[in-house]
Each structure stands twice: as structure tokens, then as C-alpha cells.
Q: 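Input: one structure, supplied below.
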Amino acid sequence: MSSHEHHAGNPSFNELVYAVVRRIPRGKVATYGQVAALAGRPRNARFVGFALHANPQPGVIPCHRVVFRDGSLAPGFAFGGPDRQRALLEEEGVRFIPPAAGRDNAGDGGWRVDLDRCQWQA
DNA sequence: GCAATGACCTGCT
DNA sequence: CAGCAGGCCATTG
């Protein structure tokens, strides 16, 4: 499998990221660093997000299941709003933790995913 | 081919 | 607990 990768397809980090994200089971979430590690580049967590923004297959790649290391969601660049992403994840059975008890939440700026329960493990 | 960017991560204040 | 800064490396123009 070494002298064959010259014909078609660019086995770039991007393609690997899509493959990993697509393998995330419903009701679970993975962090950018984890996807990067599974893609073979634990230090390239930044490009995981870049990869999803570069060519996200709408309806094919569940990018909404990819969250930060601390459980927070991507600001603005989400599929139309972090609140939208939170709704999708919560509907899939993902557990969420409120920012603070009794404090006015600014949208989802404080909502974090319970990675202790819903982080996907390969 | 070079330079700049970036949906992050970690540590410290 | 929350906010700020720097660093890592691949992709784009």
C-alpha cells in the first residue's frame, strides 16, 4: 500500500478527519484533540476544525459531535449557532452541564458537554 | 515556493 | 472559576 497512493485521492489530514468524525457513534462526542490523535496528528487539533470548515459534507459528517477539550462548543462558526449544536447533541442523548447555578446564561457560552459520560472512546 | 491563517490545546494569572 | 497568551503544523492564496 505504499506505491499505490499516487493515482487518486489525497490522503491528507482532512480526509482522515472526516473518516474519524464519521465514525463517532450517535449520543457521543469527541474532542478535536482526540480526532486529531485518531487521525494520526495529536498536535494538529487546530487543523481538525480547519478541516471541517474547509470541506464539510453537510449531512454526511456529524461535525456537531466534535467539541472542545473542556466540553464547550465552537462559537459562531457552528452550523448556525452553538445553541443549535447543543440542541442536536442533547436530542441525541448527550448530557450537558449548565454554566453556573442561578446565573444568567449568555446563550450557550457556558454550557459544556459532560465528557465524563459522553466522550467517545475509540 | 513563500507567507499568513486557523471550528485548538496547555499553562499561568 | 474565568480570562489571556503562546505554540504546533498543515492547508490556502
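On a predicted model such as this, the values are computed, not experimentally measured, just so you know. A, B, ... follow the sequence lines: proteins, then strands. Residue 1 opens every chain.
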Q: Heavy atoms, side chains only, cut-off 4.5 Å: are A:Asp116 and A:Arg95 in contact?
A: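 Contact flag for A:Asp116/A:Arg95 side chains = no.
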
Q: Looking at the base of C:dC8, is there any donor atom on it, or on the side chain of A:Arg43, that sits under 3.5 Å from an acceptor on the other one?
A: no

Q: For residues A:Trp120 and A:Leu38, determine if any side-chain heavy atom of one lies less than 4.5 Å from a side-chain heavy atom of the other.
A: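 SC-SC contact between A:Trp120 and A:Leu38 confirmed.
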
Q: State, yes or no, whether a side-chain contact exists between A:Val17 and A:Ile61 at a heavy-atom distance under 4.5 Å.
A: no

Q: Residues from residues 115-122 of chain A sitting under 4.0 Å of DNA chain B, heavy atoms only?
A: none

Q: Can any side-chain N or O of A:Tyr18 pair as donor or acceptor with the backbone N or O of A:Asn55 at less than 3.5 Å?
A: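 It does hold such a pair.
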
Q: Mind calculating the distance between NE2 (A:His53) and C1' (B:dC8) to the nearest angstrom?
A: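 Answer to the nearest Å: 15 Å.
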
Q: So which nucleotide from C:dA10, B:dA7, C:dA2 ends up closest to the side chain of A:Cys63?
A: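 Ranking C:dA10, B:dA7, C:dA2 by closest atom to the A:Cys63 side chain puts B:dA7 first.
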
Q: Round to the nearest Å and state the distance from A:Trp111 atom CH2 to C:dA2 atom P.
A: 14 Å

Q: In whole Å, I'd like the distance from the CG atom of A:Asn44 to the C1' atom of C:dA10.
A: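 That distance rounds to 6 Å.
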
Q: If I take atom CG in residue A:Leu52 and atom C1' in nucleotide B:dA7, what distance separates them, rounded to the nearest angstrom?
A: 7 Å

Q: Could you work out, with ring pair (Phe, Tyr, Trp, His ring centres under 6.0 Å) as the rule, every residue matching A:Phe50, not counting sequence neighbours?
A: none

Q: Between the protein and nucleotides 11-13 of chain C, list the N/O to N/O atom pairs that are separated by less than 3.5 angstrom.
A:
unit_1 : atom_1 : unit_2  : atom_2 : d
C:dT11 : OP1    : A:Phe13 : N      : 3.2

Q: Among pairs that include at least one residue of residues 61-72 of chain A, which meet salt bridge (charged side-chain N to carboxylate O under 4.0 Å, His left out), considering only residues two or more places apart or in two chains?
A: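 Qualifying pairs: A:Arg65-A:Glu92.
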
Q: Could you check if a side-chain atom of A:Tyr32 sits within less than 4.5 angstrom of a side-chain atom of A:Val67, using non-hydrogen atoms only?
A: no

Q: What protein N or O atoms touch nucleotides 9-12 of chain B N or O atoms at under 3.5 angstrom, if any, and at what distances?
A:
unit_1 : atom_1 : unit_2  : atom_2 : d
B:dC9  : OP1    : A:Arg69 : N      : 3.4
B:dC9  : OP2    : A:Arg69 : N      : 3.4

Q: Roughly how far apart are A:Asn14 CG and A:His53 NE2, rounded to 0.5 Å?
A: 12.0 Å

Q: For the pair A:Phe68 and A:Leu73, evaluate side chain to side chain contact (heavy atoms under 4.5 Å, CB included) and give the outcome as yes or no after the intermediate values.
A: CA-CA 6 Å; A:Phe68 281 74; A:Leu73 309 177; 5.6 Å; no

Q: Taking the side chain as every heavy atom from C-beta outward, state whether A:Ile97 and A:Trp111 have any pair of such atoms under 4.5 Å apart.
A: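 No, their side chains stay 4.5 Å or more apart.
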
Q: Which pairs pass salt bridge (charged side-chain N to carboxylate O under 4.0 Å, His left out) with one or both residues in residues 18-42 of chain A, sequence neighbours excluded?
A: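 Sorted result for residues 18-42 of chain A: empty, none.
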
Q: From CG of A:Leu73 over to P of B:dC8, roughly how many Å is that when rounded to an integer?
A: 12 Å

